[in-house]
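Lettering of chains follows the sequences in order, A, B, ..., and the numbering in each one begins at 1. Since the model is a prediction, treat every value here as computed from it, not as a measurement.
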There are 2 protein chains.
Amino acid sequence: MVPKYQQVAAQIESDIIDHVYQETNKLLTEDEYAKKYQVSRNTVRKAIEILVNKGYVYQVQGSGVFIRTHHNKGYVNLEKLQGVTNDFSDRRVENKLLEFKQLTADENLAENMGCKVGTPIYFVKRLRYVDGNPFSIETSYFNKELVIYLDENIVKKSIYNYLRNDQKLAIGFADRIISADFLSKEQAELLGLKENDPALVVDNTVCLTNGAIFDYSQSVHHFQHVKLLKVSNMKGS
Amino acid sequence: MVPKYQQVAAQIESDIIDHVYQETNKLLTEDEYAKKYQVSRNTVRKAIEILVNKGYVYQVQGSGVFIRTHHNKGYVNLEKLQGVTNDFSDRRVENKLLEFKQLTADENLAENMGCKVGTPIYFVKRLRYVDGNPFSIETSYFNKELVIYLDENIVKKSIYNYLRNDQKLAIGFADRIISADFLSKEQAELLGLKENDPALVVDNTVCLTNGAIFDYSQSVHHFQHVKLLKVSNMKGS
DNA sequence: AAGTGGTCTAGACCACCGT
DNA sequence: CGGTGGTCTAGACCACTTC
């Protein structure tokens with residue numbers, strides 16, 4: 001059951017993409033959406049809040065909700081996990097499986113994943129391509145006690161789609177730590193760059209809704225092909 | 001006039017920092033806060049939402065709001081602008097003014113700032129230190145028609161505090177684009193690194209509440225001292 | 001079954017923008 | 001001034017966790 005505010009957000013989002021508001025460059029008023037979709041104004045507001053965070057629109061008190069024309073394409077929006085699959089849905093995303101195995105958590109991994117030493121772990125290493133260009137090297141550890149099952153066929157495709165749709169895993173929230181570093185020789189070869197070139201590195205710690213860490217991963221991005229986007233709102237900070 | 005939900009958020013935040021909830025490791029229930037602060041439950045929920053985005057807590061339906069113990073310190077949280085001043089409030093933040101002048105927007109700058117060619121612009125270049133260590137090189141362009149006034153004394157301190165508190169500028173939202181790149185020789189010298197070392201680069205486009213761009217800036221961060229943090233929530237994506 | 005967070009409503013009033 | 005977004009309330013009902 002998808003909540004109403006998410007449904008409304010999806011409808012308005014698709015209207016924006018279809019250039020429905022091209023003439024005025026602004027959305028309808030909150031009251032108009034409330035009437036149109038037969039929901040309360042607060043529900044409309046929650047829907048618009050999603051679109052603000054996705055960078056589609058901005059709100060001006062007393063005036064309206066305006067569409068952001070310079071809503072830059074080609075960036076990986078940090079608002080959503082699964083950036084590549086979502087942000088580049090119109091481009092060709094491919095994975096090359098480099099390594100897939102089971103192991104048990106050593107002290108360091110247990111610390112990072114908030115589990116006991118010896119916990120069974122799936123290890124996945126993939127090279128991701130966008131439109132045929134190497135995009136990032138992704139090294140993931142999944143807690144087998146929470147993820148239950150993975151195999152080669154699954155990890156060659158979208159792991160998260162499988163976990164969410166088939167395993168019905170309740171994915172809750174994630175920490176993402178972004179830094180820059182040197183590329184190792186091995187990483188450089190995979191990405192088609194040189195050793196010691198810069199790398200854009202993202203460390204992810206992904207939790208279930210109950211707070212348990214089920215995925216700890218690191219993505220090493222091609223510094224020329226990948227830029228991340230964060231839309232910040234000054235409200236409440 | 002600060003809204004109630006921001007006041008409540010600030011109170012709970014300070015309680016968390018003071019380890020008030022250390023025994024249970026969770027917040028009070030929403031109803032308890034509603035009664036405690038004499039506000040509605042929705043106001044409490046908006047307050048807690050802020051704390052979720054700041055990475056202090058996570059919510060579990062049917063169970064409660066839990067404090068995140070691994071709430072890692074030392075990262076620049078992308079949730080707020082003014083990351084350095086806020087996240088390192090317990091550390092010594094200093095600025096060295098490298099350059100300050102007025103200029104007029106050329107075609108490229110006018111494009112980036114959404115203004116006309118020839119618009120008067122303040123240019124500020126600063127080297128920022130945290131605890132005496134070079135932290136980032138910040139190159140900023142401020143639209144003089146919106147910012148009205150800046151001088152050397154102001155830009156040596158916190159520009160944003162001045163704009164918000166003294167100029168009463170209504171800062172609304174910002175795009176931040178994060179990438180990695182090589183350090184130039186000049187940048188490397190300023191940061192105490194070597195030419196062609198990696199750099200963590202953040203391009204900011206900051207808008208007033210009415211959508212006008214008043215600040216366009218680039219921060220080149222020391223890749224060993226700076227890590228950015230983004231807390232992602234799966235709701236509504 | 002009781003407790004607690006998630007969704008939703010209907011309506012009030014305020015703050016700000018534009019005419 | 002009317003229009004529109006921002007804050008806030010009181011209450012209802014649902015979904016999930018916990019016992």
Side-chain angles (χ1 to χ4, degrees), chain A residues 1-10 12 21 24-52 56-67 168-173 207-212 233-237, chain B residues 1-10 12 21 24-52 56-67 168-173 207-212 233-237:
Chain A
M1 179 54 192
V2 181
K4 285 187 188 178
Y5 67 90
Q6 285 180 30
Q7 294 180 39
V8 173
I12 300 175
Y21 308 112
T24 56
N25 213 29
K26 58 190 283 196
L27 300 188
L28 306 183
T29 68
E30 296 178 349
D31 282 332
E32 284 170 329
Y33 283 120
K35 193 161 189 184
K36 178 174 179 183
Y37 295 118
Q38 290 294 298
V39 298
S40 75
R41 202 183 132 213
N42 276 335
T43 300
V44 174
R45 285 183 61 74
K46 277 195 84 162
I48 292 175
E49 193 188 0
I50 291 174
L51 302 178
V52 169
Y56 284 110
V57 297
Y58 63 92
Q59 296 163 294
V60 180
Q61 184 171 9
S63 186
V65 181
F66 296 85
I67 296 179
K168 306 291 181 198
L169 220 55
I171 301 171
F173 57 94
C207 303
L208 302 178
T209 51
N210 68 10
N233 213 305
M234 290 325 115
K235 287 168 201 162
S237 59
Chain B
M1 179 53 191
V2 181
K4 283 188 189 177
Y5 67 90
Q6 285 181 29
Q7 294 180 38
V8 172
I12 300 175
Y21 308 112
T24 55
N25 214 28
K26 59 190 284 197
L27 300 188
L28 306 183
T29 68
E30 296 177 349
D31 283 332
E32 285 170 328
Y33 283 121
K35 194 161 187 183
K36 178 174 178 182
Y37 295 118
Q38 290 294 301
V39 297
S40 75
R41 203 183 132 212
N42 276 335
T43 300
V44 174
R45 284 182 62 73
K46 277 197 84 162
I48 292 175
E49 194 188 358
I50 292 174
L51 302 177
V52 169
Y56 284 110
V57 297
Y58 64 93
Q59 296 163 294
V60 180
Q61 183 172 10
S63 185
V65 182
F66 296 85
I67 296 180
K168 307 289 181 199
L169 220 56
I171 301 171
F173 57 94
C207 303
L208 302 179
T209 51
N210 68 10
N233 213 305
M234 290 327 113
K235 288 167 200 162
S237 58

task = Give A:Gln38 one of three labels, base, sugar-phosphate or nothing, depending on what nucleic acid heavy atoms sit under 4.0 Å from its own.
result = sugar-phosphate
query = CG of A:Leu208 versus C1' of D:dC16: gap in Å, rounded?
reply = 15 Å
query = How long is the line joining CZ of A:Arg45 and P of D:dT4, in whole Å?
reply = 14 Å
task = Measure the distance from NZ on A:Lys35 to C1' on D:dT4 and round it to the nearest whole Å.
result = 16 Å
query = Between atom CG in A:Leu28 and atom P in D:dT4, what is the gap in whole Å?
reply = 10 Å
inquiry  = Quick one: does any side-chain atom of A:Glu32 pair with a main-chain N or O of A:Thr29 as donor and acceptor, under 3.5 Å?
reply    = yes
task = Using the closest heavy atom to pick a nucleotide of DNA chain D for each, name whichever of B:Lys4 or A:Thr29 lands nearer the 5' end.
result = A:Thr29
query = Taking 5' to 3' order, which nucleotide of DNA chain C is first and which is last to have an atom within less than 4.0 Å of a heavy atom in chain B?
reply = C:dG3 to C:dT9
note = Nearest-nucleotide check on DNA chain C, B:Thr209 vs B:Asn42; residue mapping nearer the 5' end is B:Asn42
query = Could you give the CD-to-C1' distance, from B:Gln59 to D:dA15, as a whole number of Å?
reply = 14 Å
ask   = Taking for each residue the nucleotide of DNA chain C with the nearest heavy atom, is it A:Pro3 or A:Ser63 whose nucleotide lies nearer the 5' end?
value = A:Pro3
message = Can a donor-acceptor pair be found, under 3.5 Å and without considering hydrogens, that links the side chain of A:Glu30 to the backbone of A:Arg45?
response = no
